[in-house]
Number of protein chains: 2
Amino acid sequence: MPTPLEACAREVLDVMPLVMRTVRAEMRRHRAPGLTVPHFRALAFLGNNAGASLSEVAEHVGLQLPSMSTLIDGLVTRGLVSRAPSATDRRRVTLNLTPSGQATLATSRRHSQDKLAARLASLSATEQATIMQAMQALRVAFTPEPESAQPG
Amino acid sequence: MPTPLEACAREVLDVMPLVMRTVRAEMRRHRAPGLTVPHFRALAFLGNNAGASLSEVAEHVGLQLPSMSTLIDGLVTRGLVSRAPSATDRRRVTLNLTPSGQATLATSRRHSQDKLAARLASLSATEQATIMQAMQALRVAFTPEPESAQPG
DNA sequence: TATTGTTATACTCTATAACTATA
DNA sequence: TATAGTTATAGAGTATAACAATA
């Protein structure tokens, strides 16, 4: 007989991959500029944290530095992100969304959001509110603790 | 100003990758026999659906048939899954967990569950209950229907 | 001819290791 | 010496295409 906490963990473990698979499949089907979930999350982070460094994005998205370097490289090549040396510390890079990046983010987010919303629309308003609350609680529990650098 | 439904979709889109990244990282760290999330989900499905065919597992996990064939191949090689021709239709394959597979599933599930539970323990009992309810609602909304929305 | 599954092949994503540049 | 980032290289994981076997 599992405790409520155990049951909750198991349910999360069971259901989240199910949801993410749908999201991923939809992103792939849409395939605007081949935006994967990590691409998307990097763009979203830069949308909220203009001028962030590579390390900050990497930590937030959960990739190693070389992987994020490559990922950002692709976004720079595609003209979605600008990359420049920091004025105060020339080891660092300053990352920003270009106008095109902002537009792409908005479009892609809208698309994924709409597809997700279409699914969620089959649920009651109460259930939707419950999901909203659950996500907010999970965000708190799973936001990585800043070890060295904290974005403004 | 987004509607509640839109806000909910956006929150899901934002938070779920955050959670799944932690789960994945933990699985990788544990690295029992290199069980990935899809491996795990395939084992879990077979645990609940003994004798399932390859197509059934593939549909549930959300992989293409060749990918699932390879994945199952690895599980068979590792002695976690048995694979035999179906008695009634020899094109089909009958998949089952071996005792070792059952044990591995239990151990891995317990491990991931424990790690997840440790995170969730920082939340209140009310929040945990909310998450539980949210997952149950999401499960309903995202369980793939056997409809022919997925052509072959 | 249609369905189930496997094999062959290639591509994407991410990691580790080695390196450069700056502090 | 330590930190930020890049480049080189390798290895998982998954997809598409071609194939084999059965219905």
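Proteins come first, then strands; the chains are lettered A, B, ... in the order of their sequence lines, and each starts at number 1.
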**Report entry** Contact nearer the 5' end of DNA chain C, comparing B:Leu54 with A:Pro38
**Finding:**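 The 5'-side residue here is B:Leu54.
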**Report entry** Inter-residue atom distance A:Phe40.CZ - A:Thr104.OG1, 0.5 Å rounding
**Finding:** 11.5 Å
Just the rounded figure in Å: distance from [atom2] of [N] to [atom1] of [X].
X: A:Met68; N: D:dA4; atom1: CE; atom2: C1'; result: 14 Å
X: A:Leu71; N: D:dT7; atom1: CG; atom2: P; result: 14 Å
X: A:Ile72; N: C:dT14; atom1: CD1; atom2: P; result: 12 Å
X: A:Arg41; N: C:dC13; atom1: CZ; atom2: P; result: 16 Å
X: A:Asp73; N: C:dT12; atom1: CG; atom2: C1'; result: 15 Å

**Report entry** Salt-bridge present (A:Glu6, B:Arg109; N to O < 4.0 Å)
**Finding:**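 Salt bridge: no.
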Requested in this report: Can you sort out the partners of B:Phe45 under ring-ring contact (aromatic ring centres under 6.0 Å, His included), two or more places apart, ordered by chain and number?
Outcome: B:His60
Give the nucleotide from the list [options] with an atom nearest to the side chain of [X].
X: B:Thr70; options: D:dT6, D:dT14, C:dG5; value: D:dT14
X: B:His39; options: C:dG5, C:dC13, D:dG13; value: D:dG13
X: A:Leu63; options: C:dA15, D:dA4, D:dA15; value: C:dA15
X: A:Ser69; options: D:dT6, C:dT14, D:dT14; value: D:dT6

Query raised in the report: Can you name the side-chain hydrogen bond (donor to acceptor under 3.5 Å, both in side chains) partners of B:Ser86, sequence neighbours left out?
Result: B:Thr88
Report task. Would you check, one step at a time, whether the test side chain to side chain donor-acceptor pair (under 3.5 Å) holds for A:Thr36 with A:His39? Result -> CA-CA 5 Å; A:Thr36 66; A:His39 280 127; 2.9 Å; yes
Query raised in the report: What string of B, S and - do you get for nucleotides 16-23 of chain C, 5' to 3', when a contact is any protein heavy atom under 4.0 Å?
Result: BB----BS
Query raised in the report: So what does B:Ser53 hit on the nucleic acid, given a heavy-atom distance under 4.0 Å: a base, only sugar-phosphate, or nothing?
Result: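 Counting heavy atoms under 4.0 Å across all strands, the contact made by B:Ser53 is with sugar-phosphate only.
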**Report entry** Short side-chain N/O contact from B:Arg92 to OP1 or OP2 of D:dA21, under 4.0 Å
**Finding:**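 So the side-chain polar atoms of B:Arg92 never come under 4.0 Å of the phosphate oxygens OP1 or OP2 of D:dA21.
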**Report entry** Partner of B:Arg83 by side-chain hydrogen bond (donor to acceptor under 3.5 Å, both in side chains), out of B:Asp73, B:Thr94, B:Asn96
**Finding:**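 The residue from B:Asp73, B:Thr94, B:Asn96 that satisfies side-chain hydrogen bond (donor to acceptor under 3.5 Å, both in side chains) with B:Arg83 turns out to be B:Asp73.
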**Report entry** B:Val81 and B:Leu97: CA distance, side-chain angles, deciding distance, side-chain contact (heavy atoms from CB on, under 4.5 Å) verdict
**Finding:** CA-CA 4 Å; B:Val81 168; B:Leu97 294 184; 4.2 Å; yes
